[in-house]
Amino acid sequence: MRILRYWSVTHADKLLRIYRKLEYVMLKLDPLFQRLGYRRIEKPMALVESAVKKTLFDCQMCGQCVLSSTGMACPMNCPKQLRNGPCGGVRSNGHCEVKPGMRCVWLEAIRGSEIMKQETSMGYRQLPLNHSIKGHSSWLQAVKTRAREKS
Ligand code: SF4
C-alpha cells in the first residue's frame, strides 16, 4: 500500500535501527540456524519476511534486498525496476512518467536516505538481479554472509 510505503520512508531511520537489532539477534541465532539447517528454515523465514516487508515496503521478494541503501524505498516498485537511480522520465512534480499518480521511487530513496543520514546507493552500482533467488529470504542470506565473515 503506497501510504504505508511513504510512511516507511519517513521513518527510515527508526526502521533501520529495528533492522539492525533484528540482524543482531539473528546473528546470535546462527548456531541454531546451522543445526536446524538454513535450507529447512528458508521457507518459513521467507514467509515472515514477505508478510512484514510487503506490508511496509510493497516488497516483491527479489531476494537481494537493498532497502538499507535506498532510504527504505524498494526500487522494485519502480515500473522500470531501476536499481541504480532514476530514469530521465521524472516529472517536474516528482512523479513517475509511467505511473503519474506515484512519486518517483528514487526521489523517495533520496528522501529516506537523508532521514537515515546516509548516501543512497546511487553513488555505486547495485549488482545485477539474480532471478534464481527471487522469493528467498534476504534476511537469512544477510545473516549467513555476516556469520561467515565473522568466523
Ligand atoms: S529490494 Fe527486494 S527484498 Fe528488498 S524490499 Fe525490495 S523487493 Fe523486497
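Note that these values count all heavy atoms, side chains included, but never hydrogens, waters or copies made by symmetry.
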Could you tell me whether Ile3 atom CD1 has more than 12 heavy atoms of other residues or ligands within 6.0 Å of it? no
So, taking the atom named CD1 in Ile18 and the one named NE2 in His11, what distance separates them when rounded to the nearest 0.5 Å? 10.0 Å
Could you give the distance from CG (Asn77) to OG1 (Thr70), rounded to the nearest 0.5 Å? 10.0 Å
Minimal heavy-atom distance between Ser68 and Arg20, with the atoms involved, is CB-NH2, 4.3 Å
Side chain Ser138, main chain Cys65, donor-acceptor under 3.5 Å: yes
Counting C-beta onward and ignoring hydrogens, is there a side-chain heavy-atom pair between Val52 and Phe57 closer than 4.5 Å? no
Let me see the working for Asp13 and Lys117 under side-chain contact (heavy atoms from CB on, under 4.5 Å), right down to the final yes or no. CA-CA 8 Å; Asp13 52 344; Lys117 297 187 178 51; 5.8 Å; no
pair Lys144-Phe33: side-chain heavy atoms closer than 4.5 Å: no
Closest heavy-atom contact between Val105 and Cys78? CG2-N, 3.5 Å
Co-membership, hydrophobic cluster, residues Tyr19 and Val143, 4.5 Å side-chain: yes
Is there a side-chain contact between Leu107 and His95, using heavy atoms and a 4.5 Å cut-off? no
Check ion pair Arg111-Glu108 (N to O, under 4.0 angstrom): yes
Rounded to the nearest 0.5 angstrom, the CD-CG distance for Gln81 and Leu129 is 7.5 Å
Quick one: do Leu140 and Leu127 end up in the same hydrophobic cluster if we chain Ile, Leu, Val, Met, Phe, Trp and Tyr together by side-chain heavy atoms under 4.5 Å apart? no
Indicate the atoms forming the closest heavy-atom contact of Gly71 with Ala12, along with that distance. O-CB, 3.7 Å
Using the rule side-chain contact (heavy atoms from CB on, under 4.5 Å), only one of Met72, Met102, Arg103 pairs with Arg5; which is it? Met102
Would you indicate whether the side-chain heavy atoms of Gln126 and Gln64 approach each other to under 4.5 Å? no
In one Ile/Leu/Val/Met/Phe/Trp/Tyr side-chain cluster, 4.5 Å: Leu27, Val48: yes
Please report the C-alpha distance between Lys54 and Met1 in whole Å, then the side-chain angles of each, then the deciding distance to 0.1 Å, and finally whether the side-chain contact (heavy atoms from CB on, under 4.5 Å) criterion is met. CA-CA 8 Å; Lys54 274 192 175 142; Met1 201 193 303; over 6 Å; no
Rounded to the nearest 0.5 Å, what separates atom CG in Leu22 from atom CG in Leu15? 11.5 Å
4.5 Å side-chain heavy-atom contact, Leu82 and Pro75: no
Of all heavy-atom pairs between Ala46 and Gly135, which one has the smallest distance, and what is that distance? CB-O, 3.7 Å
Flag the pair Trp139 / Glu23 as yes when at least one side-chain heavy-atom distance between them is below 4.5 Å, and no otherwise. no
Hphob cluster co-occupancy, Ile41 + Leu32, side-chain heavy atoms under 4.5 angstrom: yes
Could you give all pairs that pass the salt bridge (Lys or Arg N to Asp or Glu O under 4.0 Å) test and reach residues 41-53, with sequence neighbours left out? Glu49-Lys53
Answer yes or no: are there more than 12 heavy-atom neighbours, outside Arg40 itself, under 6.0 Å from its atom CZ? no
Does any pair with a residue in residues 25-38 pass side-chain hydrogen bond (donor to acceptor under 3.5 Å, both in side chains), and if so which ones, sequence neighbours excluded? Asp30-Gln34, Asp30-Tyr38
Please walk me through it: do Met61 and His136 pass side-chain contact (heavy atoms from CB on, under 4.5 Å)? CA-CA 7 Å; Met61 291 297 280; His136 287 238; over 6 Å; no
Distance (rounded to the nearest 0.5 Å) between Cys59 SG and Leu67 CG: 7.0 Å
Nearest heavy atoms of Gln118 and Ser69, plus distance in Å: NE2-CA, 4.1 Å
For the residue pair Cys62 and Gln60, establish whether any side-chain heavy-atom pair is separated by less than 4.5 Å. no
